[in-house]
Each structure stands twice: as structure tokens, then as C-alpha cells.
Amino acid sequence: MTMASARADMARLYLADETQAIEALIARARPSAAERAGTETLARDLVSRVRAQRRRGGLDAFLNQYALTTEEGVVLMCLAEALLRVPDADTADKLIKDKIGSAHWEKHLGQSQSLFVNASTWALMLTGHVVKLGEGAQDWTSIFGRVVQRSGEPVIRQAMNTAMRIMGGQFVLGRTIEEALKRGGDAAKRGFRFSFDMLGEAALTEDDAERYTRSYAQAIASIAAHEDKRRGTIFTRNSISVKLSAIHPRLEYVKHERVLKEILPRLMPLCRTAREAGIGFTIDAEEADRLDLQLDIFDAVSGASELKGWEGLGLAVQAYQKRAPAVIDWLSALAREHGRRIPVRLVKGAYWDSEIKRAQELGIDGYPVFTRKASTDVSYLACARALLADQTAFFPMFATHNAHTLAAVKTMAGNRDDYEFQRLHGMGEELYDQAVGGDRLGVQCRIYAPVGTHEDLLAYLVRRLLENGANTSFVNRLADDEAPIAAIIADPVDQVEHMNPKPHPRIPLPADLFGDRKNSHGVLLSDPARAKLLTNAIAQAVERDLDARPIIGGVVQDGQPTAVFDPSKRSRQIGTIVTATPDMAARAAASAVAAQFEWDALGGEKRAEILSRAADLFERDAALLIGLCVREAGKTIVNGLSDVREAVDFLRYYAGLARSEFAAPKLLPG
């Protein structure tokens, strides 16, 4: 397959029908009889041995205690988001006051064998800092109320920050890269290697981007100084993971040309340094609407002559995206064209919640991700098989904490050893303790290790809680002794084959989000195929001379036309406009008053039909209306599309009210 045909497949799969997409993957993921038996035996053995240890540490233990199915887990999410996002301390104090006293932290004390969980619970209860404990049973709700009254929210906020720092010690390997390298020493002796991730969410300013770039450069230098280039290969040494959104503040497809021009001068020196140091450099996966742009950047870097022959340049691929198999096909073609072997980190995906809500907000034709977890697992296995089948193009890196996935990949790989598994720092420890080492399964494992301070931790923590905190996650099911092993290691291919319907029935398509009324239709501007259709339609719509005039009672009014120019390019005339005179305004108002009685007599249903028809016409002529927003008001296409969609939503909303409130007589209360 060529790179061009693979990109065409990506465009086709972006928002593809979920049933068709997953049915195509089932055949690729389905194991042979021997693979099925081998996977089940190995997965069952792994789960049994992990449970027999009865020791859960780090994030695994934390998620078991504070799952998102518990009130406390939700409170932690709220507090973490508050501390990260609220603009000022007063607002944070109000949210803490609202949330902290409502949860039952005391029930978690002593419920875990993890010292970290018990320490975190005490900190979250704020004991030892602002509460003096008495003897006997304690009414923690009352205590919290008294604490807030006596000490005030600032003290509580300070204690919450202390609690979050305690968590940070488990979720982050070190505050600096030097500290992380030192703390990782024990794991390295046990056969683990690391990929270091410098924490920090997307850059918002040029200063942010420059700061993150310096942080990556420093990290690469520190890793290089720590590594012995004569030991092992580039695939076995410690490496760095980089988020492109951290080194450019506008990583958006609509800024494609600008981003390519500005990001490469920052990215290339980092890659050259990593190459000279002999370490790997993996570009992390991010939101779905950034994928096409990321691939174009990856293509540009991979094809650079100064990086020729370097096999350390890698990419993360998200299996929950419907496009994942096509991305692997594209990377395979790229590897052959550029004469390199590409390390590919296969992940399931960490942005599922935001991808679903974003698609619903945008009103697009479908979802870029699968709506069922089992379907993501099937996609992962299909992609894993493709990576393992192409030894020339790929060095596969399988990121998973799931025993069935680990066992399935190990079984598919057979006797090969030119691949690795990956886990997050603080997660999956017990699972990989049973897998790493010659006296175990002998697999190679790299730890994805975040590095940063408490302030940078929170967004990462929130994402991991969302990703792994649900009761359907392997982490929580493994910790639940009542969950039968057979259910935990069930083959996702079998599960999906028996699902009807294949998409999640409680997650409607974006068009059906509001149930009783149709959502306004949007266009994903990060989808090259659909975006091109829209931009072409806009260009054609505003090409002709446009003439705007007052209309009164359905009659177009005459007058002296005035030229209208594009505010972003004053030499470009958009068209002409006839301005309404005071007499026209008076006649229009009189016409509206006269029409009121007839409009009222139509009834709710007829009025709803008119409003709905207007909404449909707005959508039909969206290209022209967006073009006018851009040319006449100087707005962006994104703004213009949002304005048109808002108008359509209002029309349909009030059409619904007309039907429900005015279609028939209504008995008023009182």
C-alpha cells in the first residue's frame, strides 16, 4: 500500500460507521485455535499469580480505593480539576468547601494494604494537619464542617495541595529528570527501561513552547549522560517521549502551513541531539483532530537527510481510533520510502471522554473512536498483529496493563524477542513483575515515566483517572476478588461478535444528541477530505457578486447600492448593500405588527414547521453564510461555522417549544 492510499483510507475511516469498522477488524484480530488456547492459559496464569500476591501499589491501589464509581473518586476528580483550572484561590476555596465535607473518606482507612493509599487517605481527611483526633468513633462529616468553619478554606486548600503532592510521589518518577533517573535505578536493575515524559499540557503561548523545548533538550542531555552507548541497542536504552502540542501553541490542522514552518526548527535540533546520543525519541499521541498534522510533521522529520539511518524516531498510535489500522499501513509505507525501521508504541488511548464530547459538541457525522471498550481491544489486537507481521518496518512497543492483551501479544509473537511491552509508572507493577525477567515470561518492558512538579501533575492525573478509573477497566476488575477470572480474561473478539448493536446503545450519534430535536450539522476541519469540500464550497459561494437589500413584506426594496469590502483585505470588494431608510424601517415595523395576528392564528405546529424549514435552509446554504462571516465580518471559518450552527440550533429549539407549548390548549396552574 502506498502512503497516499493509506491516507485515503484514514479519511474514509475517520468518522466511519462503527459497525462496519469493527466488523472489518474482527477478522484481522480473530485468533487461531492454537493462539486462543495459548492466550487463555497464559492470561489465566498471570491473573492468578497477580491475585495471589495480594499486594497492590501505586496508582493501581489508589484506583481500586477511589474508583470513579465512588463518591470519593468523583470528589477527587473535581478537586484535581479545580486546583488545575480555576482562575483564583477564592473560587478554589468555594469548590473545596462544597465537595470536601460530602465524601466519606474514613471508610477507606485501613481498607488497603498500600501504605500510599492509607497515607493519601489521611491527607485527604486533613488529619494530622488541621484536625486533632479524639478517642473513639469519629463523625468525619461534622469534623470537616468544623474544620472549614474554624480554619477557613485557605488552610484546607493548602492541605489538599499537600495531599496532591503525596500522590505525585507515586504518579511521577521525579520532579526533575536527574531525580527520575536516580529513582529508576532499582527498576533498571530488574530489567526495566524507561521512556521519560516531561509533564506539561499543551503550550498556550510562545513562551510556554520555548520553555517546554528547553525542558526536552535538558532531558535528552541528561539521559544521554546517564546512558552507556555501548550497552545494548537504541531499542533497549532509555528514551524520551515528546508531545508536539508542548512545543507549538497552535497545533491545529487549520494552521497546517504555519505549524510546519514553525515547529520543525524546534523539533529537528531535539531529534539530532537524540540521534547523536543514541536514544529513542517517540512522538506521543494526542487528540484525534491533531493526527493528520502530526503525521505530516513525522513525515517531514523522518525524511530529513541529517536523520537518515536513525531508527530511534517513533510514534504512538491509538487503537481506539477507527483510523488506527490505516495509520499503521501509512507508517509501513513511510518506513520503506525513508529506509528506516520505526518504533511504534501501540496504546489504547487516553482521551476517550473528551473525544466523545467533542464530537457531540461539533455535531459531526460520527465518532473518531469506538464507543465500546471491547471494540478498542479488538482494534488493538488487529493492530498488534499488523505490527508483528512487518518486521522490516516496525519495532513494536505494546503499551498495556491488561493481562489478556499481554498474553495475546506474547502468543502472537511466538519466539520473537524484537519487541517490547510498556507500562505507566505506578501502574501494572504486579502484572509485569510476573512477566519481566528470565525466571518469568522473559518479556522486555519499558516504563513510561512522567517527570515534573505537582502543578504539572494534575492534568495527567485527571486523564489517568478517567482512563483507568471506570469499573470496566482491567485495573479495577483485577482488584475485585469477586470478579471471576474467566470474565477478566474473556476474548474481546468473542465479546464484540456477540454484541448487537456494535456501537454503544446509550451513546447516540452527534446528530441525535438532543433526542427530541436534531443537532445542527458541523464539519470537522481537521478532517482533510471534509474540510476541503467545505472550503471549496465557501470559495465558490462568495466568488459571485453579492447584493444585500432590505425586504419588506416579501418585496425587495430599491436604493443606492454601496460597495462592501473585506476587512482583512480592503482591496477586495465582497459585493454591494442597500441601506434601509427610516421610511423602510417604519414600513417593516408596521408590516410585522400587522402580521402578528395571522402568525398567532397559525398555531404551534405550523409555526414550528416554518422555524424548522428555516433551520434546514440555513444548513443548506451554510457555505454562503460562513463565507459572509469570513469576508464581511473578518471571522475565521471556525467562528463562521459556529455562528451558523448556533442559529440553526436556536431555530430548532424554538420549533420544539412551539410544538410543546402552543400546539394545543394548555391548562395553566393557579
Using a strict threshold of under 4.0 Å (side-chain N to carboxylate O), is an ion pair present between R36 and D494?
yes
Contact between V369 and K322 at the side-chain level, heavy atoms closer than 4.5 Å - yes or no?
no
Any Lys/Arg nitrogen of K243 or E286 sitting under 4.0 Å from an Asp/Glu carboxylate oxygen of the other?
no
Is there a side-chain contact between R49 and D433, using heavy atoms and a 4.5 Å cut-off?
no
Report yes if some heavy atom in the side chain of R652 is under 4.5 Å from a heavy atom in the side chain of L611; otherwise report no.
no
Give a yes or no on whether a salt bridge exists between K502 and E18, defined as a side-chain N under 4.0 angstrom from a carboxylate O.
no
Are the charged groups of R358 and E361 less than 4.0 angstrom apart, N to O?
yes
Salt bridge or not between D390 and R336? Use side-chain N to carboxylate O under 4.0 Å.
yes
D296/R7 ion pair, N-O < 4.0 Å
yes
Validation row: L346, L387 side chains within 4.5 angstrom (heavy atoms):
yes
Qualifying residues under side-chain contact (heavy atoms from CB on, under 4.5 Å), relative to P508, sequence neighbours excluded
D512
Electrostatic pair D616:R620 at N-O distance under 4.0 angstrom:
no
For K357, which residues count as a side-chain hydrogen bond (donor to acceptor under 3.5 Å, both in side chains) partner, sequence neighbours excluded?
Q360
For residues F192 and V436, determine if any side-chain heavy atom of one lies less than 4.5 Å from a side-chain heavy atom of the other.
yes
Quick test of your reading of the model: are E40 and R44 salt-bridged, counting only N-O distances below 4.0 Å?
yes
With side chains defined as the heavy atoms from C-beta onward, is the minimum distance between S612 and R517 less than 4.5 Å?
no
Do NZ/NE/NH1/NH2 and the carboxylate oxygens of R30 and E497 come within less than 4.0 Å?
yes
Within-4.5 Å side-chain heavy-atom neighbours: L381 and P492
yes
Would you mind checking if D9 and R323 are paired as a salt bridge, meaning a charged N to carboxylate O distance below 4.0 Å?
no
Side chains of R416 and Q391 in contact at under 4.5 Å (non-hydrogen atoms)
yes
